[in-house]
Amino acid sequence: MKNSNNKQVLASYFEAFGRGDMVAVRSHFHPNCKIVSVREASRVNGQLHGSYQGLEEAETFLGNIVSLFDTQSFEVKSLMEAEENVVYAHGSFVHKVKAKGNMFESDWVQRCVIADGKILEYRFYEDSAAYEIAAH
């Protein structure tokens, strides 16, 4: 059964992110959250893509985004409820890679599992090859 509150959790997350309110963004994550940025794997310190577990690592994930990118635009084109407790979003963004000054543009898709009004599982997919080109 779909739950429109789940869709609102993700909409509220994006609104906070758009305002740059990282305290509010963090508050949307479940204490036992799992974040997968592009690939499910361990990361070296400061690396964005990979897996994060729990609120402390969610903060690391958010910090990595802020430290790596100067966001020029971030558009959410749609939010869609799927099977129970799953919400999908998709859109596009343009980031300036701070270390190199190059532009990183990509469409993206996000899949979230919502539990207790929080994001329990967060999977974000983007054009990682375009990121590698912009970052080097």
Practice task
Walk me through it: do Y52 and F29 pass the test ring-ring contact (aromatic ring centres under 6.0 Å, His included)?
Solution key: CA-CA 12 Å; Y52 302 77; F29 285 103; 9.8 Å; no

Exercise for the section: Mind running ring-ring contact (aromatic ring centres under 6.0 Å, His included) on F14 and W108 for me, showing each step along the way? Expected result: CA-CA 13 Å; F14 284 123; W108 57 267; 5.6 Å; yes

Practice task
Answer yes or no for R111 and Y122: cation-pi contact, defined as NZ/CZ to six-membered ring centre under 6.0 Å and angle to ring axis within 45°.
Solution key: no

Practice task
Report yes or no: do H49 and S128 form a side-chain donor-acceptor pair below 3.5 Å?
Solution key: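 Per modelled atom types, H49 and S128 side chains form no pair under 3.5 Å.
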
Exercise for the section: Give a yes-or-no answer on whether the side chains of D116 and H30 include a donor-acceptor pair shorter than 3.5 Å. Expected result: yes

Handout entry: Test: R19 and D21 ion pair at under 4.0 Å
Key = yes

Problem - Residues R43 and E57 bridged, charged N to O under 4.0 Å - result: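 Between E57 and R43 there is a salt bridge, with a charged N closer than 4.0 Å to a carboxylate O.
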
pair [X]-[Y]: side-chain heavy atoms closer than 4.5 Å:
X	Y	value
E126	Q110	no
C112	L10	yes
N32	L120	yes

Problem - Partners meeting side chain to side chain donor-acceptor pair (under 3.5 Å) with S27 (sequence neighbours left out) - result: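 For S27, no residue satisfies side chain to side chain donor-acceptor pair (under 3.5 Å) once neighbours in sequence are set aside.
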
Exercise for the section: Please list, chain by chain and in numerical order, all residues satisfying side chain to side chain donor-acceptor pair (under 3.5 Å) with S73, sequence neighbours excluded. Expected result: none

Handout entry: Expected output: side-chain S12 to main-chain Q8 donor-acceptor under 3.5 Å
Key = no

Exercise for the section: Classify the angle between the aromatic ring planes of F74 and F93 as parallel (below 30°), tilted (30 to 60°) or perpendicular (above 60°). Expected result: parallel

Handout entry: Residues that R123 engages under salt bridge (Lys or Arg N to Asp or Glu O under 4.0 Å), provided they are two or more places apart
Key = E40, E121

Problem - Residue pair I119, I114: steps toward the side chain to side chain contact (heavy atoms under 4.5 Å, CB included) verdict - result: CA-CA 5 Å; I119 300 170; I114 309 298; 4.0 Å; yes

